[in-house]
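Written out below as structure tokens is the structure these notes cover.
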Amino acid sequence: MAKESRYWLVKTEPDCFSIQDLAKAPKRTTCWSGVRNYQARNFMRDDMKLGDQVLIYHSSCNPPAVVGVAKVSREAYPDHTSWDPNDDHFDPQSTKENPRWFMVDLQLERIFKEPIPLDRLRKIPALKDMELLRRGSRLSVQPVRKAEFETIEQIAEG
DNA sequence: GCCAACGTTGGC
DNA sequence: GCCAACGTTGGC
């Protein structure tokens with residue numbers, strides 16, 4: 001499924017980096033650094049392609065919600081924050097010769113007029129199999145099915 | 001390769 | 001702040 005996915009969802013804590021921060025970034029673009037989970041890394045490194053659409057999700061906030069859409073503007077390259085001893089995401093086992101962690105660049109497409117909160121997503125039958133809604137789901141980069149993406153877009157457009 | 005201990009995520 | 005669920009680590 002991941003191999004064919006052209007739609008994704010990434011989580012971010014808005015206290016740390018929000019979609020509004022992305023809107024203010026140069027070229028409305030950011031490198032998605034700091035992912036330190038192998039499954040999430042593999043999706044970024046192996047499967048995310050230029051132009052793929054990415055739902056932005058705000059987590060650890062009230063309410064947690066899907067807040068907008070970005071697109072992949074650069075495919076995977078090594079996450080340099082893993083080499084910086086002063087960075088929170090430093091990993092001494094990642095080297096420039098053999099990088100362990102990767103990231104993509106994301107460019108903002110649009111911010112939803114109304115964020116779609118988690119409890120609302122849970123009530124939508126078409127989304128019942130979303131990874132995000134799975135009990136205990138913690139993946140910070142995850143594939144989204146086309147139909148799920150389109151359902152969310154329709155809701156966001158009112 | 002098993003699994004207990006530990007650390008992290010993230011909703012509530 | 002709590003805690004369930006999950007991922008990683010490391011001893012054996």
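Note that the coordinates shown come from a computational prediction; the quantities given were computed from them, not determined experimentally.
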Euclidean distance, atom [atom1] of residue [X] to atom [atom2] of [N] [Å, nearest integer]:
{"X": "A/Arg36", "N": "B/dT8", "atom1": "CZ", "atom2": "P", "value": "13 Å"}
{"X": "A/Glu13", "N": "B/dG10", "atom1": "CD", "atom2": "P", "value": "7 Å"}
{"X": "A/Asp91", "N": "B/dT8", "atom1": "CG", "atom2": "P", "value": "13 Å"}
{"X": "A/Tyr57", "N": "B/dG10", "atom1": "OH", "atom2": "P", "value": "8 Å"}
{"X": "A/Arg100", "N": "C/dG7", "atom1": "CZ", "atom2": "P", "value": "17 Å"}
{"X": "A/Asn37", "N": "C/dT9", "atom1": "CG", "atom2": "P", "value": "11 Å"}
{"X": "A/Asn62", "N": "C/dG1", "atom1": "CG", "atom2": "C1'", "value": "15 Å"}
{"X": "A/Trp101", "N": "C/dG7", "atom1": "CH2", "atom2": "P", "value": "13 Å"}

Exercise for review: Each residue besides A/Tyr38 in its hydrophobic cluster should be listed here, by chain and number; the cluster joins Ile, Leu, Val, Met, Phe, Trp and Tyr at side-chain heavy-atom distances under 4.5 Å.
Suggested key: A/Trp101
Check your understanding: Are A/Lys11 and B/dT9 close enough that a side-chain N or O sits under 4.0 Å from OP1 or OP2?
Key ->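 Answer no for this pair, as no side-chain N or O of A/Lys11 is under 4.0 Å from OP1 or OP2.
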Review point. So, is A/Tyr38 close to the C/dC6 phosphate, meaning a side-chain N or O under 4.0 Å from OP1 or OP2?
Key: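 Indeed not, no polar side-chain atom of A/Tyr38 lies that close.
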Review point. A/Gln39 side chain: which of B/dG11, C/dG7, C/dC6 is closest?
Key: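 Shortest atom-to-atom distance from the side chain points to C/dG7.
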Exercise for review: Could you list all the side chain to side chain donor-acceptor pair (under 3.5 Å) pairs where at least one residue sits in residues 62-73 of chain A, not counting sequence neighbours?
Suggested key: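 As it turns out, there is no side chain to side chain donor-acceptor pair (under 3.5 Å) pair with a partner in residues 62-73 of chain A once direct neighbours are skipped.
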Exercise for review: Would you please indicate yes or no on a ring centroid separation below 6.0 angstrom for A/Phe90 and A/Trp83?
Suggested key: no
Check your understanding: Does a donor on one side chain and an acceptor on the other come within less than 3.5 Å for A/Glu13 and A/Ser59?
Key -> no
